[in-house]
Amino acid sequence: MSLRLYNTLSGQVEEFTPLEDNRVRIYTCGPTVYDYAHIGNYRTFVFQDILRRHLKYRGYDVVHVINLTDVDDKTIRNARAAGVPLREYTDRYIEAYKVDRQLLNLEEPQKFARATEHVDDMVKLIQALEAKGFAYRNEGSIYFRVEKFPDYGKLSKIDLSGIRAGARVDADEYDKANVRDFVLWKAPKEDEPHWDTPLGPGRPGWHIECSVMAMKYLGETFDIHSGGSDLIFPHHENEIAQSEAATGKPFVRFWVHAEHLIVNGEKMSKSLGNYYTLRDLIAKGYKPAAIRYLLASVPYRKPLNFTFDGLHQAQQSIDRLRNFRFRLTKEKFPEGENPALQERAQAAREAFEEGMDDNLNTAKAEAAIFDMVRDANTAMDRGEFRDGDRGAFLDTLEHWDRIFAVMEDDDHAKLVKFGFIKPLAKGAADAISWQDEQKIAIGNGYTSAVLVESLTEEEIENQIKEREAARRRGEYARSDQIRDNLLKAGVILEDTKSGTRWKRK
RNA sequence: GGCGCGGUACCCAAGUGGUAAGGGAGAGGUCUGCAAAACCUUUAUGCGUGGGUUCGAUUCCCACCCGCGCCUCCA
């Protein structure tokens, strides 16, 4: 089986094959770095990561470019409000974005392309469009003449005749010959950053950066271009117009768009008070892996209804998988093998792969793995599981996690690493209850954290040994006290047939 | 108004022209010093509403209702 993907351009699910044998060239629209990205953004970014990972899983050599829009009305406005230069301001949020990416296990692309570092290339493309008669100037700005490009609307299926000229125009909109036309190059305004170029002074329009950076790194025709569904029009439609007008070649083969995230059935907005960044959720005590899992769980073409209940459920689901793997690796089983069970593991792997090939149906892929987990647990409980069967199940689990990337229990370590959790000295937790999950301002004052008393692994292991000794002596009051104390420090103990295990809350 | 996505159990959610995956939550049970984990049983005669096609529809068709997105530089 091979990957089938819904292509916005055709409006159908199509069999995916790359232009070049084994190499897939993909461009995904990244953030505009004027603030922290919100979980709606990350719904799309996680989806793009799932797509990327599945392509790799299927053996493709993936070349991936992500753009960073670091100049636009909002970045300029916010940088000015903050009283810092644009570059310094956007650097700050690019840094935050990259931290978020690591928290969510989003793989690194080959290239993060910043708009402001490609102004020269944009100038060249605009000049090419001017030379071919697709562009015109007006009061220092340069516009794309949409009526010169007959294919306009092929992606978004808009009917151009339906847009009435002069219906609504922004107060500060530049003069255009036709309302459908869009700006390629903006004349400089008072107090705004601008570049002095052969086109004259100004700054780039929004759409031009993606055409330029995509073609620069991926070629004039490449395989996949992805973003949120809101970008279909006008952003991606305009990219197609600019690029294909300039090159005369098809710009992108597969356009893939993620549906939006909503919160409690309503759209997310600051005014409704249901607007969350990744940091907001972490400050509430949720694990990054749970957030990733939730965002990945709903197949990308369906709106995702974000709720805290759903986030809690995601956390439970991950725990179930991690518990299973722990049992698989640590529990003692009789020697030998059970071929029927190993076939079961292999079948689960095939079912999960089939789900992913089916337009990245992550829900199906998850069901496949949970079916396997239940069957394996049952076999273990019934004594049918053999020592030699571990590998087959671990193998399927490992393959599954190449895409979902939630199995490794490193949330705590990552949060400490990036300063979201500030470990307290031992004993300090008495003064500040761990349960309170108190937020404190740390770093540059633009993030928050959960306070937690942090025990080292060695300290935890020693406590467990002490508890086991007490249990052997039948001193259950003592052993329960140790367990309670560890729980207060965020460590959960579980007694299994193969000994006591621990994990961080 | 135009284009698009969606409405499946308490919550999230898959799915198919032939009689409803999976996860979470709840209830009962097994195991355990207790707890946790795990397992077993159980929770939709029903898939937004009303029609139609069909031997048979949640799945196809029509109409309608509701949510969301875009149609103004929003992932």
Side-chain angles (χ1 to χ4, degrees), chain A residues 8 11 28-32 37-48 69 72-74 153 156-159 161-163 167-170 173 179 182-183 186 205-207 226-235 237-238 257-262 265-269 293-294 297-299 301-307 309-324 326-327 331 351 355 358 361-371 373-382 471 474-477 479-480 483-484 487 492-497 500-501 503:
Chain A
T8 307
T28 61
C29 280
T32 300
H38 55 68
I39 54 171
N41 296 319
Y42 285 114
R43 196 273 163 109
T44 298
F45 299 154
V46 167
F47 148 67
Q48 291 165 343
T69 301
D72 80 319
D73 292 347
K74 288 194 291 286
S156 55
K157 277 85 179 167
I158 61 163
D159 178 6
S161 61
I163 299 177
R168 270 193 247 163
V169 179
D170 281 356
E173 190 54 274
V179 278
F182 56 91
V183 68
K186 291 181 165 184
W206 175 34
H207 318 295
S226 157
S229 61
D230 58 309
L231 295 184
I232 295 171
F233 189 89
H235 185 51
E237 193 69 57
N238 290 351
H257 295 95
E259 275 300 325
H260 276 201
L261 171 152
I262 57 179
E266 295 179 299
K267 66 177 155 185
M268 182 168 67
S269 73
Y293 184 90
L294 174 62
S297 292
V298 181
R301 292 249 303 148
K302 181 170 175 165
L304 187 157
N305 187 19
F306 176 89
T307 63
D309 189 40
L311 192 50
H312 179 255
Q313 290 174 17
Q315 202 142 298
Q316 296 296 312
S317 300
I318 291 174
D319 282 345
R320 181 171 167 82
L321 295 173
R322 291 180 179 176
N323 284 335
F324 171 67
F326 180 87
R327 189 176 187 193
E331 197 162 311
D358 182 11
N361 191 331
T362 47
K364 220 191 250 183
E366 286 173 7
I369 210 73
F370 280 106
D371 277 337
V373 168
R374 190 193 53 246
D375 289 350
N377 272 322
T378 300
M380 290 174 183
D381 283 357
R382 288 181 182 163
R471 288 182 74 206
E475 296 168 10
Y476 293 118
S479 71
D480 288 351
R483 185 169 62 194
D484 289 347
L487 185 61
I492 296 168
L493 295 194
E494 288 167 9
D495 296 326
T496 74
K497 284 177 188 168
T500 300
R501 63 169 290 199
K503 60 185 178 183

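Just so we're on the same page: letters track the sequence lines, and every chain starts at 1. Keep in mind that what you see is a predicted model, and the values were worked out from it rather than measured.
- Taking the 5.5 Å centre cut-off and the 30° plane limit, the aromatic side chain of A:H260 is classed as stacked on B:A75.
- When the P atom of B:U32 is taken as reference, atom CD of A:E494 falls 17 Å away, rounded to whole Å.
- The CD-P distance, from A:E259 to B:G7, rounds to 12 Å in whole Å.
- Counting non-hydrogen atoms under 4.0 angstrom, A:N377 reaches the backbone sugars and phosphates but no base.
- Of the candidate nucleotides B:G69, B:A35, B:C39, B:A35 has the atom lying nearest to any side-chain atom of A:R483.
- In this entry B:G6 has B:C66 as its Watson-Crick or G-U wobble partner, both defining distances falling under 3.5 Å.
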Task: Nucleotide-resolved protein contact map, nucleotides 14-28 of chain B, B/S/- at heavy-atom distance under 4.0 Å - done: SS-----BSBBS---
Open item on the list: Test side-chain contact (heavy atoms from CB on, under 4.5 Å) on A:H38 and A:L261; report intermediate values, then the result.
Closed with: CA-CA 10 Å; A:H38 55 68; A:L261 171 152; over 6 Å; no
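- With hydrogens and angles left out, the side-chain atoms of A:E331 and A:T496 include no donor and acceptor closer than 3.5 Å.
- For A:D480 and B:C34, the CG to C1' distance is 6 Å, given to the nearest whole Å.
- As judged by a 4.0 angstrom heavy-atom cut-off over every strand, A:I369 is placed among residues making no nucleic acid contact.
- Residue A:R43 contributes atom CZ, which lies 12 Å from atom C1' of B:A13 at whole-angstrom precision.
- Rounded to whole Å, the distance from NE2 on A:H207 to C1' on B:C70 is 13 Å.
- Nucleotide B:C3 holds its P atom 12 Å from the CD1 atom of A:I158, rounded to whole Å.
- Side-chain contact between A:H235 and A:H207: present, with at least one pair of heavy atoms (C-beta onward) separated by less than 4.5 Å.
- At least one side-chain nitrogen or oxygen of A:N305 sits closer than 4.0 Å to the OP1 or OP2 atom of B:C12.
- The distance between atom NZ of A:K267 and atom C1' of B:C70, rounded to the nearest whole Å, is 11 Å.
- The residue A:I232 sits apart from the nucleic acid: no heavy atom pair falls under 4.0 Å.
- Of the candidates B:C3, B:C39, B:A75, the closest approach to any side-chain atom of A:L231 belongs to B:A75.
- Among the heavy atoms of the strands lying under 4.0 Å from A:G265 are primed sugar atoms or P, OP1, OP2 only; no base atom is included.
- As the counterpart of B:A27, B:U41 is assigned, both hydrogen-bonding distances of the Watson-Crick or G-U wobble pattern falling under 3.5 Å.
- Using Watson-Crick or G-U wobble geometry with both donor-acceptor distances under 3.5 Å, B:U32 finds no partner in any strand shown.
- Using a 4.0 Å heavy-atom distance criterion, A:T378 is classed as a sugar-phosphate-only contact.
- Summarising the geometry, the separation between CD on A:E237 and C1' on B:U72 is reported as 16 Å, rounded to the nearest angstrom.
- Here A:S479 lies in heavy-atom contact (under 4.0 Å) with a base.
- Pairing for B:C60 is with B:G52, a Watson-Crick or G-U wobble pair whose two hydrogen-bonding atom distances lie under 3.5 Å.
- The residue A:H257 sits apart from the nucleic acid: no heavy atom pair falls under 4.0 Å.
- Between A:F370 and A:Y293, the ring-plane angle classifies as perpendicular under the 30° and 60° cut-offs.
- If you check every strand for non-hydrogen atoms under 4.0 Å, A:I492 touches nothing.
- Between the base of B:G33 and the side chain of A:R471 there is a donor-acceptor pair shorter than 3.5 Å.
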Identify the pairs formed between an N or O of the protein and an N or O of nucleotides 42-44 of chain B at a distance under 3.5 Å, and give each distance.
none

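- Side chains of A:D319 and A:Q315: no donor on one and acceptor on the other come within 3.5 Å.
- A:T69 comes within 4.0 angstrom of nothing in the nucleic acid, heavy atoms only.
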